[in-house]
Every structure is written in C-alpha cells, then in structure tokens.
Amino acid sequence: MRVMFGAVLGCLLWSTSVFAQQVTEDVESQNDKRQADVAADVRVIFDVSGSMQDNDPERLSASALELIASLLPEGSRGGLWTFGERVENPLPVGPVDRRWREQARSLAPRLVDYQQYTDIEAAIRQASEEPGGERHLILLTDGVIDLDPAGGNKSARDARSRQTLLDELAPALAQRGVTIHAIAFSPQADLALVERLAQSSQGLAALAQTPEDLLRGFLDIFERIFPTDQVPLSDNRFPIDPEVETFSALLFHDPDAAPSVLVGPDGRRYTPENLPSGASWQRQPRFDLITVPSPEEGEWRIEGDLEQDSRVSVVSPLVLHTTKLPATLYQGFDLPLEAWLAREDGTPLEASRRDDMRVTVELQALDGSVMVASPLTQSTPESERFSGVLPAPSLTGNARLVIDVEGERAHRQRVQAVNVLPAISTHREDGQVWFEAEHPELNAANTRLSATLQGETLPVEVFDERRWRVNLPELPADVGVPLQIEAEVDLGGESRELQLPRLLLNPDGRILLDEARLDRAELVSRDLPSMPDDAANVSGADAFDKDAAADRVVETINALPGQAKRLMRDLEEQPRSRLVWAALAAVLLLLMLWGLNARRRRMRQASRHSSQHTSQSDSSRRSEDSHV
C-alpha cells in the first residue's frame, strides 16, 4: 500500500499546488491592518541523523521532499537544509520555478547520507539566518537533541541546547516574523520539543507515522501558509454560486473504490473521458483532482465513496476575510474572532446581501465531528463584520477551525488546522510533579495552583516565572492515584478558574484509585467496573494505621470463601503497604459480588411471593365466582 502511495505521491502533490496558487492575501492582523502582499518564503529542514534510519523506515522524508517540490507555488521562495552533527544547505533560498523543483527532487540521495548526531538548535539557527522577511521553517525530524560527546558532559550540553532553543532562539525568531512548523516522524521523538517550537511562533505540529499522516500534515501547513477559500462538501454535494470562476475538487478515496462520477446541476454526468470545456481530471489510486473553470451555477455532486479529507476550493472575486486565526488554542480559553465577505479589492459586500447571511465558527476533530461551535453576529445592522466567541475547547490534540459564511447567493468556508494544548502542562519527574504555563499570558504573578492527592492538599512551590512544582509523598509503585489540579487565573481584571486534566500517578499500576481518599477508599481494578459508593468504608484513623488495617483485612479475607483466600495467597509476596490496597480491592470486589447476589435473591423471592399472592388471589376470585 505504501509503495503504491509513494508512486503517486508526486503527482498528487503537484496537483494540489493548484490549491496553493489560489491564494488571496486576505487574512488581517489583530489590529485589522492588511498584511503586505509578499511572496512566501518557505525553508525546509531535513533531519539526516543516524536515528532517522530506524525511526523513518518508510522513507517518509523522501515523500516529504516530493511534497515540497510539488506544493510550493510559482512565485514563492524556498530553500532546503539537512542536519545531523553538521548543518548543510544543498539548495539555497531562491524563487520556485521548474528548475528549482528539479534541483529539489535531485536531493533525495542526500536524505540517506546519515550522520551520527542531531543538532536541532544549529539547524534552526542557520536556516533562519538567511536574509528575508516573513519566513516559514518546516522542521522534519525524529526530534531528539543528541550532540557530539566530544565537548564533554554530554547530557548537560544536550539539555542546555534544548533550553536555549526553546527559551531564547524560538522566541527571538517569532519576534522577527519566523514561523516554525514541525513534523515528527516517530513517537520516540521529543514531541514536547516539537510542539513547543511550533507553539512559540504560532506554527503547526504533527506526528506523521504513515504517508497518509504526512500528507495531512503538509496540507495543513500549506493551507496555513497559503490560505484558500472553500465551499462545503457534505454528503458528496457542494454548492457553486455565480461568482465562482473555478473550482478544484481534491477527492480522496480507497484504492479499490469504484471510479467517481461528477454530476453537474443539470444532471449531466462527467468522467475523465467526458469533461466540460477547459476542465481537467487526474485520477490516481487514492485520489481524484478535478478542476473546472467557469462552472455552471447550482449544486454539484460526486457519485462515489469519499474519505474525510476531501475538499473543494474555489477561485472567486468574492473572498472570505477573517481576523488572524491562531495555530494554537488552549483549554479553558475562548477565542474571539471576526469574519466577513468582501470583494477581492476590499470593497464591502452590499448591505442587502448581509441581511440574510448566517456565519458560524466550529472546532472540528479530524474525523469531522464538531467539538464546539458558536454563531457570529453583526454588532449593528450596518456592520460589515460578524463577530463572536468560540467557546473554550475541552479536549487537546489536533483539530480544525472552520469559519462558515452562508448567504442566499454565496457560501464560503475557511478551514485552518490548529493545535489544542492545555493552558498549563504537567509532567512527573523524580518524585515531583512539574507544572508549566503553556498559555503565553499565564505566569506566577497571575496564576495560583492547588493540588489535591487522596483528599489531602499538597503545597505548590513557585519555581520560576512560568513553572511550579509539587513534592509527592511516597506512593506504592503498583497503585495508580489521580492528582487533582486546579488553577485560579487573574487576566484582564477578571478572575477565572481552570479545571486542569487529572494527572494519574503510576498509571501502569495494577490497581487504580478513582478520586481516592484516605478516609473513604474507593478502589478500581483496571479490568473491573467501578465499585458502588457504599461498597466499603475505612475510617481515617484506621487508614493511617496501615499495619492494623492490613491485619484486619487478612482476618476478614480468611473468613471469606476460597476465592478470597486464593487472592490473598497471590498477594502474600507483596510489601505490606501494597498489601493493604490490593487486599482492600479484593474485599470490595467480593462485597460487591455478594451484594449483587443478595439483591438477585431478594428480587427472586419477591417475585415468587408476588406470584404466590397473585395465584392465591386468582383462586379466591374463582371460588367466589363459583358461589355466585
């Protein structure tokens, strides 16, 4: 499958360059000033370290090179770098044309010229130092900084390089208008590094383990660099209004799917052998790309099975404008934005056409399901712009922001990939839990954290301006315990509370405690349903006396049937502190089972009693009837 995908990849991505060439510089900055209409400057940095040989067995880097050579549109500027222990620039920055594409494709052998170490900091530093204005760096790596040990104290040098890259270089580049996008080729990559590099400059980050992942990641990045208008593709149907000059439908499908058929508004059916005048149709095993100039107005449809990432872009003098769409959203934080339709030259849409317009914003998962949505409305009937707020997302990961503007005579969409991150990230290290502010406006001055473990509040120490830490008590290694974290934030003169995701300590433990408290232990086995709240009670005093509790648990289990004794024998090898929790789990399980059996017996007895009562009543009635 991957071999076939790679064989058609170049053709696919050359075709999708049609999308990139349909760019209109219509995205405004937050202060509503139009961005300068300049050629995009895209610089791609390939990791050729030795670990890539193991972490990129599918040779995704070669597919990525083909993507770059195919997707960059004429008139843009591009350059290529490689890095391992040293950084090289085999293709300097220059205008993208046919000769540039040929040179880029010829560099494929350089991507397997593996080097021993990985100096990501040096690669980003050198690629960004080339003269230029607003630039986009695309880093492709297995993402672990690994410097030459010849300099001494290797682990300290690796850590220092990583910290310099994140705390100094990346923010400085963002100030200079350099956006970093990053694609990791392996889950063994330093994914936190990849995400934070992208986050620091409003870039995108993705993990690509298959050619399909790589294609999606590149399309997302290129749609951010070269935004295009789309029309909605729903149930294989899409609307075309009179102002659309050309549409391009990129239709993904399974290799074994039956050939697709394009059906016009008048019912006329089109195939690659039968097309409207001036149209083109490229058919490959995994995609079709159909371009139709001067299309007929009305609803078009596709006969065939399409996959989720299919899309229809349009070229039109009627353009969808938005305030700047961020590449990163944060849990707990709303997103204010504006959207409006206007002519390509900036002329506002007629007021009569705005009256019936419906504008919405949605955050969609990659499968197309809607996570959150909100309408955008006019502040006054005369306003050209529609404004509103996207509610704060509750889940993290990759998603798509969809702005939809629908009027009586036109329908447009803008789709942009986003990364959704927690406002404050957490990780455990050497008996401590560390918290770090991910949201750029959070810091120790305006954010107060609290942590609760088993009903007990743990002190949270401020480590520096954007980091906090908690010292953990000693915990049994085979018991998973949730750490509940809350944050109170003061921003813009308002106070808000953030409920952060629970951090499960010892997630691989055989026993997981759900909202566990020392004075009311509620244990949950990994393979069993949750216990009822009244399954067992352990007093606070007894809970702290582990030896006494263990003795009572042993006595209790010895009085239970053979199943409990077998469980007890299995636990005899465990340390006494672990025995308490494991034995309690066994007790609660058996109590729950006994409770269920007792309940069933009571229901059966009640049912029999009810049946007997009914039978007696029927006999009595029959006796009375016979007397009558």
Enquirer: Could you tell me whether the side chain of Leu341 reaches within less than 4.5 Å of the side chain of Val319, counting heavy atoms only?
Expert: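 When only atoms from C-beta onward are counted, Leu341 and Val319 do not touch, as no gap falls below 4.5 Å.
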Enquirer: Residues in side chain to side chain contact (heavy atoms under 4.5 Å, CB included) with Ala373, at least two apart?
Expert: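 Ala373 satisfies side chain to side chain contact (heavy atoms under 4.5 Å, CB included) with Glu362, Val370 only.
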Enquirer: For the CG atom of Leu458 and the CD atom of Gln484, what is their distance to the nearest 0.5 Å?
Expert: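 One finds 12.0 Å between CG of Leu458 and CD of Gln484.
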Enquirer: Out of curiosity, Gln413 CD to Thr360 OG1, how far, rounded to the nearest 0.5 Å?
Expert: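 Taking CD in Gln413 and OG1 in Thr360, the distance rounds to 8.0 Å.
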Enquirer: Taking Arg311 for the side chain and Asp309 for the main chain, is one N or O donor matched with an acceptor at less than 3.5 Å?
Expert: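 At least one qualifying donor-acceptor pair exists.
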Enquirer: When you compare the side chain of Leu401 with that of Leu335, does any pair of heavy atoms fall below 4.5 Å?
Expert: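 A side-chain contact exists here, since the closest heavy-atom pair is under 4.5 Å.
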Enquirer: So, using side chain to side chain contact (heavy atoms under 4.5 Å, CB included) as the criterion, who are the partners of Ala437 when residues are at least two apart?
Expert: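 Ala437 satisfies side chain to side chain contact (heavy atoms under 4.5 Å, CB included) with Leu442, Arg466, Trp468 only.
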Enquirer: Between the side chains of Ser425 and Glu438, is a donor N or O closer than 3.5 angstrom to an acceptor N or O?
Expert: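 Checked: Ser425/Glu438 side chains pair up, N/O donor to acceptor below 3.5 Å.
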Enquirer: I'd like to know whether Leu453 forms a side-chain contact (heavy atoms from CB on, under 4.5 Å) with Leu505, so could you lay out the CA-CA distance, the side-chain angles of the two residues, the decisive distance to 0.1 Å, and finally the verdict.
Expert: CA-CA 10 Å; Leu453 180 68; Leu505 308 177; 4.1 Å; yes
Enquirer: Quick one: pull up CZ in Arg467 and CD1 in Ile424 and give me the separation to the nearest 0.5 Å.
Expert: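 One finds 14.0 Å between CZ of Arg467 and CD1 of Ile424.
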Enquirer: Taking all non-hydrogen atoms of both residues into account, name the closest pair between Leu376 and Val389 and its distance.
Expert: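 Nearest pair, atom of Leu376 first, then Val389: CD2-N, 4.3 Å.
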Enquirer: Using every non-hydrogen atom in the two residues, find where Ala40 and Ile225 come nearest and quote the distance to one decimal.
Expert: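 Nearest pair, atom of Ala40 first, then Ile225: CB-CG2, 4.1 Å.
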Enquirer: Quick check: do Val178 and Leu137 have side-chain heavy atoms less than 4.5 Å from each other?
Expert: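 A side-chain contact exists here, since the closest heavy-atom pair is under 4.5 Å.
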Enquirer: So do the side chains of Gln230 and Arg412 get within less than 4.5 Å of each other, counting heavy atoms only?
Expert: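 Gln230 does not reach Arg412 side chain to side chain.
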Enquirer: One pair to check against salt bridge (charged side-chain N to carboxylate O under 4.0 Å, His left out): Arg216 and Asp220. What are the steps and the verdict?
Expert: CA-CA 6 Å; Arg216 179 186 294 114; Asp220 287 343; 5.8 Å; no
Enquirer: Do any N or O atoms from the side chain of Ser310 and from the backbone of Glu307 form a donor-acceptor pair under 3.5 angstrom?
Expert: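 It does hold such a pair.
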Enquirer: Is there a donor-acceptor contact under 3.5 Å from the side chain of Arg496 to the main chain of Ala487?
Expert: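 Looks like no, no N/O pair under 3.5 Å.
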Enquirer: Could you check Glu436 against Arg196 for salt bridge (charged side-chain N to carboxylate O under 4.0 Å, His left out), going step by step and ending with a plain yes or no?
Expert: CA-CA 12 Å; Glu436 183 163 0; Arg196 288 187 59 191; 3.2 Å; yes
Enquirer: Between Asp404 and Arg358, does at least one N-O distance fall below 4.0 Å, as a salt bridge requires?
Expert: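 Yes, charged N to carboxylate O under 4.0 Å.
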Enquirer: Which pair of non-hydrogen atoms, one from Arg385 and one from Glu338, has the smallest distance, and what is that distance?
Expert: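 That closest heavy-atom pairing would be NH1-OE1, 3.2 Å.
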Enquirer: Heavy-atom distance under 4.5 Å between the side chains of Leu140 and Ile45, does that happen here?
Expert: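 Result no, sub-4.5 Å side-chain heavy-atom pair not found.
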Enquirer: What I want to find out is whether Arg176 reaches Glu129 closely enough, with some N-O distance under 4.0 Å, to be called a salt bridge.
Expert: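 No, Arg176 and Glu129 are not salt-bridged.
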Enquirer: If every non-hydrogen atom of Leu504 is compared with every non-hydrogen atom of Pro482, which pair is closest and at what distance?
Expert: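 Smallest heavy-atom distance, with atoms named: CD1-N, 3.7 Å.
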Enquirer: side-chain contact (heavy atoms from CB on, under 4.5 Å) for Gln188 and Asp142? Distances and angles first, verdict last.
Expert: CA-CA 7 Å; Gln188 280 71 50; Asp142 64 351; over 6 Å; no
Enquirer: Look only at the side chain of Arg43 and the backbone of Trp81, and say whether a donor-acceptor pair between them is shorter than 3.5 Å.
Expert: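 It does not hold such a pair.
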Enquirer: When you measure from the side chain of Ser374 to the backbone of Val361, do you find a donor-acceptor pair of N or O atoms at a distance under 3.5 Å?
Expert: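 Flag not set: sc Ser374 to bb Val361 has no pair under 3.5 Å.
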Enquirer: What residues form a ring pair (Phe, Tyr, Trp, His ring centres under 6.0 Å) with Tyr330, not counting sequence neighbours?
Expert: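 Expected list: His439.
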Enquirer: I'd like to know if the side chain of Arg414 reaches the main chain of Thr228, judged simply by a donor and an acceptor atom lying under 3.5 Å from each other, with no hydrogens or angles considered.
Expert: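 Looks like yes, one N/O pair under 3.5 Å.
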Enquirer: Does the side chain of Val420 come within less than 4.5 Å of Leu395's, by heavy atoms?
Expert: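 When only atoms from C-beta onward are counted, Val420 and Leu395 do not touch, as no gap falls below 4.5 Å.
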Enquirer: Less than 4.5 Å apart, any side-chain heavy atom of Phe435 and any of Thr447?
Expert: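 When only atoms from C-beta onward are counted, Thr447 and Phe435 do not touch, as no gap falls below 4.5 Å.
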Enquirer: Roughly how far, to the nearest 0.5 Å, is the CZ atom of Arg224 from the CG atom of Leu219?
Expert: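 CZ of Arg224 is found 14.0 Å from CG of Leu219.
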Enquirer: Using modelled atom types only, decide if a donor and an acceptor are shared between the side chain of Asp334 and the backbone of Pro391 within a distance under 3.5 Å.
Expert: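 No, because the side chain of Asp334 does not come within donor-acceptor range (under 3.5 Å) of the backbone of Pro391.
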Enquirer: Identify, with sequence neighbours excluded, every residue that meets ring pair (Phe, Tyr, Trp, His ring centres under 6.0 Å) alongside Tyr117.
Expert: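 Not a single residue meets the ring pair (Phe, Tyr, Trp, His ring centres under 6.0 Å) criterion with Tyr117.
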Enquirer: Would you call Glu121-Arg125 a salt bridge at under 4.0 Å N-O?
Expert: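 Yes, this pair counts.
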Enquirer: Using modelled atom types only, decide if a donor and an acceptor are shared between the side chain of Ser383 and the backbone of Thr380 within a distance under 3.5 Å.
Expert: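 It does not hold such a pair.
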Enquirer: According to the interplanar angle, ranging from 0 to 90°, do the rings of Phe463 and Trp434 count as parallel (below 30°), tilted (30 to 60°) or perpendicular (above 60°)?
Expert: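 Taking Trp434 first and then Phe463, their aromatic rings stand perpendicular (interplane angle over 60°).
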Enquirer: State the OG1-CG distance between Thr179 and Leu173, to the nearest 0.5 angstrom.
Expert: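 If we round to the nearest 0.5 Å, Thr179:OG1 and Leu173:CG are 10.0 Å apart.
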Enquirer: List the atom of Ala208, the atom of Asp213, and the distance in Å for their closest heavy-atom pair.
Expert: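 The pair with the smallest heavy-atom distance is CA-CB, 3.5 Å.
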Enquirer: Decide whether Asp146 and Thr118 meet the rule of one side-chain donor and one side-chain acceptor closer than 3.5 Å.
Expert: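 No, because no side-chain N or O of Asp146 sits under 3.5 Å from a partner of the opposite role on Thr118.
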Enquirer: Ignoring hydrogens and geometry beyond distance, is a side-chain donor-acceptor pair present between Asn471 and Gln432 at under 3.5 Å?
Expert: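 Yes, side-chain donor-acceptor contact under 3.5 Å.
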Enquirer: Any donor-acceptor pair under 3.5 Å linking the side chain of Asp167 with the backbone of Thr164?
Expert: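 Between the backbone of Thr164 and the side chain of Asp167 there is no qualifying donor-acceptor contact (under 3.5 Å).
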Enquirer: Quick check: do Gln199 and Leu421 have side-chain heavy atoms less than 4.5 Å from each other?
Expert: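 Yes, side chains in contact.
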Enquirer: If a pair satisfies salt bridge (charged side-chain N to carboxylate O under 4.0 Å, His left out) and one of its residues is in residues 441-451, list it, with sequence neighbours excluded.
Expert: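 Qualifying pairs: Arg448-Glu488, Arg448-Asp490.
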Enquirer: Return the set of residues passing side chain to side chain contact (heavy atoms under 4.5 Å, CB included) with Ser61 (not counting sequence neighbours), or none when no residue passes.
Expert: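 Expected list: Phe46, Asp56, Arg59, Leu111, Phe185.
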Enquirer: Can a donor-acceptor pair be found, under 3.5 Å and without considering hydrogens, that links the side chain of Gln202 to the backbone of Ala327?
Expert: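 Indeed, once roles are kept as given, a pair shorter than 3.5 Å links the two residues.
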Enquirer: Please evaluate residues Met371 and Gln364 with respect to the criterion side-chain contact (heavy atoms from CB on, under 4.5 Å), reporting the C-alpha separation (whole Å), side-chain torsions for both, the decisive distance (0.1 Å), and the verdict.
Expert: CA-CA 5 Å; Met371 301 165 66; Gln364 296 183 359; over 6 Å; no
Enquirer: Can you name the nearest heavy-atom pair linking Pro171 to Leu165, along with the distance?
Expert: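 Closest approach of Pro171 to Leu165, heavy atoms only: CD-O, 4.3 Å.
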